[in-house]
2 protein chains.
Amino acid sequence: MEQILNTNARAVLEYLRGTYSHPTAMDVYEAVRQSKPRIGLATVYRILHSLAESGLIRELEGFEGVRYDANTNRHDHAICTACGALLDVPLDIALSEESLLEAARTTGLKLSSHEVRIYGRCASCQERDKS
Amino acid sequence: MEQILNTNARAVLEYLRGTYSHPTAMDVYEAVRQSKPRIGLATVYRILHSLAESGLIRELEGFEGVRYDANTNRHDHAICTACGALLDVPLDIALSEESLLEAARTTGLKLSSHEVRIYGRCASCQERDKS
DNA sequence: ATGGGTGCAAATCCTTTGCATCTGC
DNA sequence: GCAGATGCAAAGGATTTGCACCCAT
């Protein structure tokens, strides 16, 4: 599957797979530039879109802009309301199957997935509060 | 509380309170223009930000751009993966208090709120599929 | 007269596009 | 030599900012 990717695309994918942060396109560009100094930002955008389209990565919207994530398994997110930090939740937040189906029914949605977002202050912002 | 708002701000808030759609800043601008033809887009942005900051409205990120919502009660959203439509879920999707707290604990977040997003095809996109 | 709010235009930021060039086959 | 991928620069769209002006106090 991945062997059809060219060297630039592979560098992008590898960078994403090697980080737990949720980089923006610009972050990816800056990181990949180190091994591919001649790559352009437009190419990074093109690669990110095609990787997302082929399902190898996920595009996360709504956390101060668009971010990319190589973890394509369904998972939940924690967002700091103070600094905007975005963390993966390392466990599935359990929800009632029933009310999920009920929500789909009342909205007319043919359910394919869901995500829970939890909001609050992250550890470092709580630290900062104390001082 | 709201009496401290000037007439432009009140027009924006009233428009938002009177719609179930989730308008973008541009939508708000175009709507409010009808009663306030001399208002500028920059002013609409300024008002939206200050209303959001004072908690009178909510700013929703991550649905093909930023949208505004006068419904400040905690609620969940349904998103169409085909057309991007965004709907409020008219009931609370139940989730396990325990796993919510567990998620907060493992991420170090001081929990203040949460949101469930359900994804799938909306009714009209399902219709469209049939033809 | 003073300060905040406003319109307008310019600036910024992020992303996409056009196009000529390069690359691998 | 060709098709697709790329870099670069320009274009686009959304949002923010600078600034002069206006209005209510």
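With B:Leu48 as the fixed residue, the side-chain contact (heavy atoms from CB on, under 4.5 Å) test singles out one of B:Leu13, B:Val66, B:Val12: B:Val12.
Nucleotide C:dC14 holds its P atom 10 Å from the CG atom of A:Asp27, rounded to whole Å. The distance between atom CZ of A:Arg33 and atom P of D:dT6, rounded to the nearest whole Å, is 16 Å. Taking atom CG of B:Asn8 as the reference point, atom P of C:dC8 lies 12 Å away to the nearest angstrom. Remark: C1' of D:dT16 and CD of A:Glu64 are 16 Å apart, rounded to the nearest angstrom.
The nearest pair of heavy atoms linking B:His75 to B:Glu115 is O-CG, 3.9 Å. Of all heavy-atom pairs between B:Thr72 and B:Leu56, the closest is CG2-O, 3.4 Å.
A residue-by-residue look at B:Met26 and A:Tyr29 shows that A:Tyr29 has its nearest nucleotide of DNA chain D further toward the 5' end.
A heavy atom lying under 4.0 Å from DNA chain D marks the following residues of residues 34-49 of chain A, by number: A:Arg38, A:Ile39, A:Gly40, A:Ala42, A:Thr43, A:Arg46.
In this model, the phosphate group of D:dG4 is not approached by any side-chain N or O of A:Asn6 to a distance below 4.0 Å at OP1 or OP2.
For A:Lys110, the NZ atom is loosely surrounded, since the number of other residues' heavy atoms within 6.0 Å does not exceed 12.
Using a cut-off of 4.0 Å between Lys/Arg side-chain N and Asp/Glu carboxylate O, A:Asp92 and A:Arg74 are scored as salt-bridged. Using a cutoff of 4.0 Å between basic side-chain nitrogens and carboxylate oxygens, A:Arg33 and A:Glu30 are not scored as salt-bridged.
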